[in-house]
Amino acid sequence: MPVSDRELTQMFERVLTLSKVDKTQSVAVLKSDYSNPRIVRAAMDAAQRLGANVYGVELPAFNHPRAMGMDMTAYCGDTPLTGNLAAQRALEAADLIVDTMMLLHSPEQEQILKTGTRILLAVEPPEVLARILPTEEDKLRVNAAAERLKRARSIAVTSKAGCDFRATLGQYPTATEYGFADEPGRWDHWPSGFLFSWPDEGSAEGTLVLDVGDILLPFKTYVREKVTLEIEEGFIRRIHGGFEAEYLRDYMAYFKDPEVYGISHIGWGLQPRAQWTAMGLHDKNDGMCMDARAFYGNFLFSTGPNTEVGGSRKTPCHMDIPLRGCDILLDGEPVVLAGDVVAPEASKA
Ligand SMILES: O=c1ccc(O)c[nH]1
Ligand SMILES: [Fe+2]
């Protein structure tokens with residue numbers, strides 16, 4: 001359903017307030033040719049109504065000749081900001097950046113965050129922003145789960161479909177997304193509600209089976225026949241199944257880069273207002289489909305780049321793949337069973 005400009009501005013006031021915006025703050029709204037002008041306008045107006053110093057940074061769109069599709073998560077690393085040091089300095093001067101063009105998975109984003117500037121990504125359709133408006137309660141639940149994930153030294157994922165995956169943890173940090181950027185140097189994404197870390201280099205092993213209904217992003221397709229990924233020493237070695245397996249093999253091979261097969265962030269969804277079914281009601285270019293990444297009880301794994309956490313893999317090909325119905329155990333203790341969150345208690349909706 002359409003969301004009015006007035007409601008969109010009010011929601012931005014709410015989320016920017018949660019992001020600690022007030023009259024002491026400066027807010028930069030980062031945009032490019034493909035930004036949603038309604039989101040840009042609402043962010044600018046809301047920040048002004050909160051008394052902040054507001055400015056816009058507009059960057060010409062960047063198209064990589066080998067990138068396919070319009071989903072900004074598909075081809076990572078180079079962005080309209082790449083190489084534009086003057087614009088990066090202008091952004092680093094802000095306390096908070098509202099990113100309406102997507103810096104995610106770029107080295108520049110990490111450099112900006114290291115200066116203490118906060119970044120809030122907001123590129124989903126206003127209807128999705130409204131349905132998954134962040135709350136303090138979301139933050140409490142995600143942080144409760146993060147306390148458990150931070151302590152974990154191993155993760156194991158199994159499922160009726162045949163998943164039998166494990167990895168050791170600890171080399172990389174735990175990352176949380178609860179929808180607002182309230183602490184210095186924090187990046188967050190409105191809408192969200194999930195957490196993740198990265199497997200220790202070379203430790204991801206076993207089998208991941210995409211069952212019917214599991215999701216392939218950025219393809220934005222629901223799997224119709226099982227796809228089996230065999231993983232050894234942190235990399236996908238074999239992909240087999242039917243049409244979707246062939247499609248995935250062909251797509252990943254297109255990049256001619258062995259690093260695309262590396263396992264990247266892995267974690268689980270904690271957002272009950274995100275729906276597995278939502279992707280089927282949107283066009284592919286409506287947004288990046290955060291419902292699929294955040295729906296409650298999913299196991300979300302991904303492939304490709306891990307430079308944002310100091311990893312060595314810089315490859316543009318990034319797949320986000322949420323699975324339903326998995327058991328997720330940390331150090332042998334369940335946090336999700338059959339696709340339902342079971343622990344920690346404070347993380348349950
Ligand atoms: O919010 C996001 C979106 C995409 C992604 O790869 C991670 N987190
Ligand atoms: Fe991802």
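Hydrogens, waters and symmetry mates play no part in the numbers below; they use all other heavy atoms, side chains included.
- Judged by distance alone, the side chain of N84 and the main-chain N or O of L81 form no donor-acceptor pair under 3.5 Å.
- With contacts defined as side-chain heavy-atom distances shorter than 4.5 Å, the pair I266/L169 qualifies.
- Both tests pass for R313 against the ring of F235: distance under 6.0 Å to the centre and angle within 45° of the axis.
- Checked by atom type and distance alone, the side chain of T117 pairs as donor or acceptor with a backbone atom of A94 at under 3.5 Å.
- Residues E177 and R293 are not paired through a salt bridge, judged by the lack of any N-O separation under 4.0 Å between the basic side chain and the carboxylate.
- Around the CD atom of E233, the shell of radius 6.0 Å holds no more than 12 heavy atoms that belong to other residues, nucleotides or ligands.
- Remark: the H189 side chain and the E124 side chain contain no N/O donor-acceptor pair separated by less than 3.5 Å.
- In this structure, D211 and A161 approach most closely via the heavy-atom pair OD2-CB, 3.5 Å.
- Within the 3.5 Å criterion, the main-chain N or O of S154 finds no donor-acceptor partner in the side chain of T168.
- Side-chain atoms of D188 and D182, non-hydrogen and from C-beta on, never get closer than 4.5 Å to each other.
- Between the N36 side chain and the T100 main chain, no donor and acceptor come within less than 3.5 Å of each other.
- Comment: E92 engages R89 in a salt bridge, judged by a side-chain N to carboxylate O separation of less than 4.0 angstrom.
- Using a 4.5 Å heavy-atom cutoff, the side chains of I263 and I231 are in contact.
- Nearest heavy-atom pair across A145 and L270 is CB-CD1, 3.6 Å.
- Note that CD1 of I119 and CD1 of I97 are 4.5 Å apart. Values are rounded to the nearest 0.5 Å.
- Two residues are said to be in side-chain contact when any heavy atoms from C-beta on lie closer than 4.5 Å; Y75 and F255 meet this criterion.
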message: Checking L323 against C163 for the side chain to side chain contact (heavy atoms under 4.5 Å, CB included) test, could you report, in this order, the C-alpha distance in whole Å, the side-chain angles of both residues, the deciding distance, and whether it holds?
response: CA-CA 10 Å; L323 307 184; C163 288; 3.8 Å; yes
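- Taking both residues in full, the closest heavy atoms of D291 and A278 are given as CG-CB, 3.3 Å, listed atom of the first, atom of the second, then distance.
- Under a 3.5 Å cut-off, the side chain of T135 and the backbone N or O of D138 do form a donor-acceptor pair.
- Contact detail for A144 and P344: the closest heavy-atom pair is O-CG, 3.5 Å.
- Distance NE2/H105 to NE2/H265: 5.0 Å, rounded to 0.5 Å.
- In terms of modelled atom types and a separation under 3.5 Å, the side chain of R324 and the main chain of G339 share no donor-acceptor contact.
- Using a 3.5 Å distance cut-off with no hydrogens or angles, the side chains of T9 and D45 do not pair a donor with an acceptor.
- Cluster membership for F295 and L208, using ILVMFWY side-chain heavy atoms within less than 4.5 angstrom, is not shared.
- For R38, the CZ atom counts as densely surrounded, since its 6.0 Å shell holds more than 12 non-hydrogen atoms of other residues, nucleotides or ligands.
- Across L96 and A181, no two heavy atoms sit closer than the pair CD1-CB, 3.9 Å.
- Contact check on E147 versus R151 returns no salt bridge, with no Lys/Arg side-chain nitrogen under 4.0 Å from an Asp/Glu carboxylate oxygen.
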message: Show, in sequence, the C-alpha distance, side-chain angles and deciding distance for D331 and R148, and conclude whether the salt bridge (charged side-chain N to carboxylate O under 4.0 Å, His left out) test is met.
response: CA-CA 10 Å; D331 305 325; R148 181 62 194 87; 3.4 Å; yes
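- If you chain together hydrophobic residues whose side chains sit under 4.5 Å apart, F180 and L195 fall into the same group.
- When side chains are defined from C-beta on, F62 does not count as touching T82, because their heavy atoms never get closer than 4.5 Å.
- Between L59 atom CG and L103 atom CG the span is 8.0 Å, to the nearest 0.5 Å.
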- request: I would like to know whether L129 and V3 meet side chain to side chain contact (heavy atoms under 4.5 Å, CB included); could you show each step before the answer?
  value: CA-CA 9 Å; L129 297 177; V3 170; over 6 Å; no
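- When side chains are defined from C-beta on, M290 does not count as touching W190, because their heavy atoms never get closer than 4.5 Å.
- Sorted by first and then second residue, the pairs that involve residues 207-226 and meet ring-ring contact (aromatic ring centres under 6.0 Å, His included), not counting sequence neighbours, are F219-Y247, F219-Y251, Y222-W276.
- Distance CE/M72 to OG1/T79: 8.0 Å, rounded to 0.5 Å.
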- request: Tell me, with the steps shown, if M288 and L121 meet side chain to side chain contact (heavy atoms under 4.5 Å, CB included).
  value: CA-CA 12 Å; M288 67 169 82; L121 177 63; 4.1 Å; yes
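- Among N298, D327, I328, the single residue meeting the side-chain contact (heavy atoms from CB on, under 4.5 Å) criterion with V336 is I328.
- When hydrophobic clusters are built by joining Ile, Leu, Val, Met, Phe, Trp and Tyr residues whose side-chain heavy atoms come closer than 4.5 Å, directly or via intermediates, W187 is not grouped with V21.
- Looking only at atom types and distance, the side chain of S264 has no donor-acceptor partner in the side chain of N306 under 3.5 Å away.
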- request: Could you please spell out the steps behind the side chain to side chain contact (heavy atoms under 4.5 Å, CB included) verdict for M102 and T73?
  value: CA-CA 8 Å; M102 205 173 119; T73 68; 3.9 Å; yes
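- There is no side-chain donor-acceptor pair under 3.5 Å between R186 and S19.
- Under the 4.0 Å criterion applied to side-chain N and carboxylate O atoms, K114 and E110 are not assigned as salt-bridge partners.
- Summarising the local packing, CZ of R14 is surrounded by 12 or fewer heavy atoms from other residues, nucleotides or ligands at distances under 6.0 Å.
- Within the 4.5 Å cutoff, the side chain of S32 has no heavy atoms near those of the E58 side chain.
- Between the CG atom in L229 and the NE2 atom in H240 there is a gap of 8.5 Å [rounded to 0.5 Å].
- Cluster annotation: L113 and L30 are assigned to the same hydrophobic cluster (Ile/Leu/Val/Met/Phe/Trp/Tyr, side-chain heavy-atom contacts under 4.5 Å, transitive).
- Around NZ of K284, the count of heavy atoms belonging to other residues, nucleotides or ligands within 6.0 Å exceeds 12.
- Remark: the backbone N or O of I239 is paired with a side-chain donor or acceptor of R249 at under 3.5 angstrom.
- Taking every heavy atom of both residues into account, G179 and S192 meet most closely at N-OG, 3.2 Å.
- Taking a cutoff of 4.0 Å between a charged side-chain nitrogen and a carboxylate oxygen, K220 and D71 qualify as a salt bridge.
- In terms of modelled atom types and a separation under 3.5 Å, the side chain of D95 and the main chain of Q25 share no donor-acceptor contact.
- Here the CE-CD1 distance, from M279 to I215, works out to 4.0 Å after rounding to the nearest 0.5 Å.
- Hydrophobic clustering, with ILVMFWY side chains joined whenever heavy atoms are under 4.5 angstrom apart, groups L18 together with F12.
- Salt bridge annotation for K139-E183: present, with a cationic side-chain nitrogen under 4.0 angstrom from a carboxylate oxygen.
- Counting only heavy atoms from C-beta outward, the side chains of Q271 and I132 approach each other to under 4.5 Å.
- Side chain of T303 to main chain of M319: a donor-acceptor pair is present (N/O by atom type, distance under 3.5 Å, no hydrogens or angles).
- Under the 30°/60° scheme for interplanar angles, the aromatic rings of F299 and F165 are found to be tilted.
- Within 6.0 Å of CE on M70 lie no more than 12 heavy atoms contributed by other residues, nucleotides or ligands.
- No donor-acceptor pair under 3.5 Å is formed between the side chain of E345 and the backbone N or O of V342.
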